[in-house]
Amino acid sequence: MTPFFMTYVFEPAPPVSLPVAGTALRFPVRRIYCVGRNYAAHAVEMGHDPDREPPFFFQKNPQDIVLDGRFRYPRGSRNVHHEIELVAALRGGGADIATDDALDLVFGYALGLDMTRRDLQGEAKTQGRPWEIGKAFDDSAPCGPLVPATQCGHPDHGAIWLDVNGGRRQSGDLNQLIWKLPQVIAKLSALFTVAPGDLIFTGSPAGVAAVERGDHLHGHIDGIGDLVVDVV
Ligand code: MN
């Protein structure tokens with residue numbers, strides 16, 4: 001029998017949510033999936049052959065999201081990289097989703113930064129250990145507001161760039177994605193049941209590099225908007 005009320009040991013944290021641009025609505029976040037090495041030029045700069053790899057995934061935690069425009073430089077690392085990315089937000093879910101049906105599940109899009117403790121990720125790679133230490137740390141997912149697909153459509157081309165202190169660091173075009181979003185959703189949902197609230201960081205163009213305290217990051221994606229983050 002379902003209890004009439006439930007008493008928790010302590011008050012559960014409210015769900016992490018993203019603002020929906022131009023509205024008072026919030027998008028509650030369930031899981032964060034990220035695609036690795038999804039732009040050829042970035043795969044090459046990381047020392048990999050972009051032609052040989054199926055997409056692969058790692059996760060961050062909803063609690064890693066930063067919405068206040070401040071990235072608190074993490075402990076435990078001396079080499080933290082920026083990765084500007086298009087983020088897709090799912091309003092529907094399922095398993096084994098067909099590519100033709102995939103975009104119907106997308107509520108909207110945002111800019112995100114897949115902040116990475118590159119030194120710790122590198123050690124994990126060398127030692128065959130999981131990537132969480134390099135990818136899923138506090139503040140590792142600065143995000144902007146979600147733009148509903150009813151407004152922006154499903155962008156498959158357009159400039160994506162990141163300036164640091166006014167100089168261009170990362171630059172690419174969404175049409176350079178190796179695995180397009182419908183394929184990403186199909187592949188992801190073959191491995192995990194995806195659900196409303198899931199975010200997908202779709203990968204970063206070339207030019208990833210280290211940040212320092214005091215840096216001013218300004219990301220942009222045509223048709224989605226801008227994301228401004230200070231490293232503190
Ligand atoms: Mn990334």
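All heavy atoms count here, side chains included; hydrogens, waters and symmetry mates do not. The structure presented is a predicted model; accordingly, all values stated were derived computationally and were not measured. We count ligands from 1, going down the list as the structure has it; atoms in each ligand are counted the same way.
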Does the pair D64/K135 count as a salt bridge with the N-to-O cut at 4.0 Å?
-> no
Considering only N, O or S atoms, which atom of E83 is nearest to the Mn ion (ligand 1)?
-> OE1
For the Mn ion (ligand 1), the nearest N/O/S atom on D114 is atom OD2
Atom name of the N, O or S atom of E85 nearest to the Mn ion (ligand 1) is OE2
Between R31 and D198, is there a side-chain N and carboxylate O pair less than 4.0 Å apart?
-> no
NZ/NE/NH1/NH2 to OD/OE distance under 4.0 Å, R78 and E212 | no
Centre of F56's six-membered ring, under 6.0 Å away, within 45 degrees of the axis: is that where NZ or CZ of R37 sits?
-> no
